[in-house]
K.L.:
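One structure follows; several queries about it will come next.
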Amino acid sequence: GRGGTACGARTANRASDARTGPRRAPCAPRAPADSRAALSLRTILGPMDRQAGPRQEYARRLAERQVAASRAARLDRRMSHARLAAVSAAAAVAWLAWGRHALSPWWFAIPAGAFLALAFVHGRIVASRLQAERAAAFYDLGLARLDNRWAGRGDAGERFLDQAHLYAGDLDVFGRGSLFELLCTARTRAGEDTLAAWLRAPASRGDVRARQDAVRDLQPRLDLREDLARLATEVRDRVHAGSLSAWATAEPVLRSRLVPSAAALLAGATVLSLGLWWAGLAAPVVAVACLAAELAFLLKADTDDHVYFV
């Protein structure tokens, strides 16, 4: 009857499964690289999405840093206008003092001093604006990682991608939307090289546990991580580990005290010549010559630094 037929069909199915194994569903087409990366890392980011604490703290700090950056930007514009006004006043006083001889040249010290003071304060304001903007970018990127919006916003590490590597290409270790882009918050090329080396080679159990302990130690130190993001941004482009190592191991350039002594004497002669010219006791050509020599010395020193650090 019908029951016997159904029982026989089930028995035949079991026998077929025993011989050939369980049936498998047809394979779905492979997703693009960005989609595969998002799916493979969802298990990592999923627990973060359920943690309201980090998200709220990041959002609060992001709002504070954005307000600080906006305030500093307004002060930046005002100080720029004030410096322009000081320059205009200095030009007017110089014209009246040396062109029309209506004022004493000492009056020029007032707008000149005001300009120097404004330049000093303006530099502090610009630095604070840059620091606030970098801190805001740090927290914005952190929120992007929590919201799965991080792909394409960081360093993809494409220069580390080796098609001959055993697993780097298949597991999306490097490239857009890769594991390297998600993890990398390094501020130096040496740090990026270290992370890439960790991802391309296996590690011992002791090394893995040491790295996990380091991560747990850094996790609550949000202020420290913000300071690293703010202060070390320029290090990436200005300092190269290879050049720094070559400079440190090279032969010393200043083998005697002649060059430092000459630099000190040149600076003193420049200041003295400017003072004598200001008092009308020396010709301006002397001050111009000292300034030209000082500028040449500074350019030479700056060029020597860039040979090693840029």
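For reference, positions follow the sequence shown, starting with 1.
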K.L.:
Do you know which two heavy atoms are closest between Ala229 and Arg134, and how far apart they sit?
P.N.:
O-CB, 4.3 Å
K.L.:
For Asp76 and Ser80: C-alpha separation, side-chain torsions, deciding distance, then whether side chain to side chain contact (heavy atoms under 4.5 Å, CB included) applies.
P.N.:
CA-CA 6 Å; Asp76 185 5; Ser80 298; 3.7 Å; yes
K.L.:
Can you tell me how far apart CG (Leu182) and CZ (Arg145) are? Round to the nearest 0.5 Å.
P.N.:
7.0 Å
K.L.:
Any idea which heavy atoms bring Ala69 and Arg129 closest together, and the distance?
P.N.:
O-CG, 4.1 Å
K.L.:
Do Arg230 and Asp223 sit within salt-bridge range, that is, some charged N less than 4.0 Å from a carboxylate O?
P.N.:
no
K.L.:
Answer yes or no: is there a side-chain heavy-atom contact under 4.5 Å between Gln212 and Val215?
P.N.:
no
K.L.:
Please determine whether side chain to side chain contact (heavy atoms under 4.5 Å, CB included) holds for the pair Val67 and Arg71, giving the CA-CA distance in whole Å, both sets of side-chain angles, and the decisive distance to 0.1 Å.
P.N.:
CA-CA 6 Å; Val67 170; Arg71 185 186 305 113; 3.5 Å; yes
K.L.:
If you group Ile, Leu, Val, Met, Phe, Trp and Tyr by side-chain heavy-atom gaps below 4.5 Å, do Leu103 and Trp106 land in one group?
P.N.:
yes
K.L.:
Side-chain heavy atoms under 4.5 angstrom apart, residues restricted to Ile, Leu, Val, Met, Phe, Trp, Tyr: same cluster for Phe115 and Val121?
P.N.:
no
K.L.:
If you measure from CG on Leu118 to CD1 on Ile125, what distance do you get to the nearest 0.5 Å?
P.N.:
9.0 Å
K.L.:
Pairing donors with acceptors under 3.5 angstrom, does anything connect the side chains of Glu57 and Tyr139?
P.N.:
no
K.L.:
Here's a test for you: under side-chain contact (heavy atoms from CB on, under 4.5 Å), which of Leu161, Asp162, Asp155 qualifies with Arg159?
P.N.:
Asp155
K.L.:
Donor-acceptor pair, Glu181 side chain versus Gly154 backbone, under 3.5 Å?
P.N.:
yes
K.L.:
Give the minimum heavy-atom separation between Gly177 and Ala151, together with the two atoms involved.
P.N.:
CA-CB, 4.0 Å
K.L.:
Do Leu171 and Leu179 make a side-chain contact, defined as non-hydrogen atoms from C-beta onward lying under 4.5 Å apart?
P.N.:
no
K.L.:
Anything under 30° is parallel, anything over 60° is perpendicular, the rest tilted; go ahead and classify Phe108 against Trp98.
P.N.:
perpendicular
K.L.:
Using side chain to side chain contact (heavy atoms under 4.5 Å, CB included), reason through Arg153 and Asp140 one step at a time and then give a plain yes or no.
P.N.:
CA-CA 11 Å; Arg153 299 188 56 178; Asp140 183 59; 2.4 Å; yes
K.L.:
Would you check if Ile110 and Val93 make a side-chain contact, meaning some heavy-atom pair closer than 4.5 Å?
P.N.:
no
K.L.:
Mind checking the CZ-CZ spacing from Arg74 to Arg78? Nearest 0.5 Å is all I need.
P.N.:
6.5 Å
K.L.:
Salt bridge check: are Glu64 and Arg61 linked by an N-O gap of less than 4.0 Å?
P.N.:
no
K.L.:
Centroid separation under 6.0 Å, is that true for the rings of His122 and Phe120?
P.N.:
no
K.L.:
Mind listing the closest non-hydrogen atom pair of Ala86 and Pro111 along with its distance?
P.N.:
O-CB, 4.0 Å
K.L.:
What orientation do Phe174 and Phe180 show, parallel under 30°, tilted 30 to 60°, or perpendicular over 60°?
P.N.:
tilted
K.L.:
For Arg149, enumerate each residue passing the salt bridge (charged side-chain N to carboxylate O under 4.0 Å, His left out) test, keeping only those at least two apart in sequence or located in another chain.
P.N.:
Asp147
K.L.:
Compare every heavy atom of Ala97 with every heavy atom of Ser104, then report the nearest pair and how far apart it is.
P.N.:
O-CB, 4.1 Å
K.L.:
With side chains defined as the heavy atoms from C-beta onward, is the minimum distance between Asp193 and Phe160 less than 4.5 Å?
P.N.:
yes
K.L.:
Are Leu146 and Phe138 connected, step by step, through hydrophobic side chains (Ile, Leu, Val, Met, Phe, Trp, Tyr) whose heavy atoms are closer than 4.5 Å?
P.N.:
yes
K.L.:
Within a strict 4.5 Å, meaning less than it, do heavy atoms of the Leu199 and Leu183 side chains meet?
P.N.:
yes
K.L.:
Check whether the side chains of Ser128 and Arg124 place a donor and an acceptor atom closer than 3.5 Å, and report yes or no.
P.N.:
no
K.L.:
Taking all non-hydrogen atoms of both residues into account, name the closest pair between Gly152 and Arg176 and its distance.
P.N.:
CA-NH1, 3.1 Å
K.L.:
Please collect all salt bridge (charged side-chain N to carboxylate O under 4.0 Å, His left out) contacts where either partner lies in residues 199-218, sequence neighbours excluded, each pair once.
P.N.:
Asp213-Arg216, Asp217-Arg221
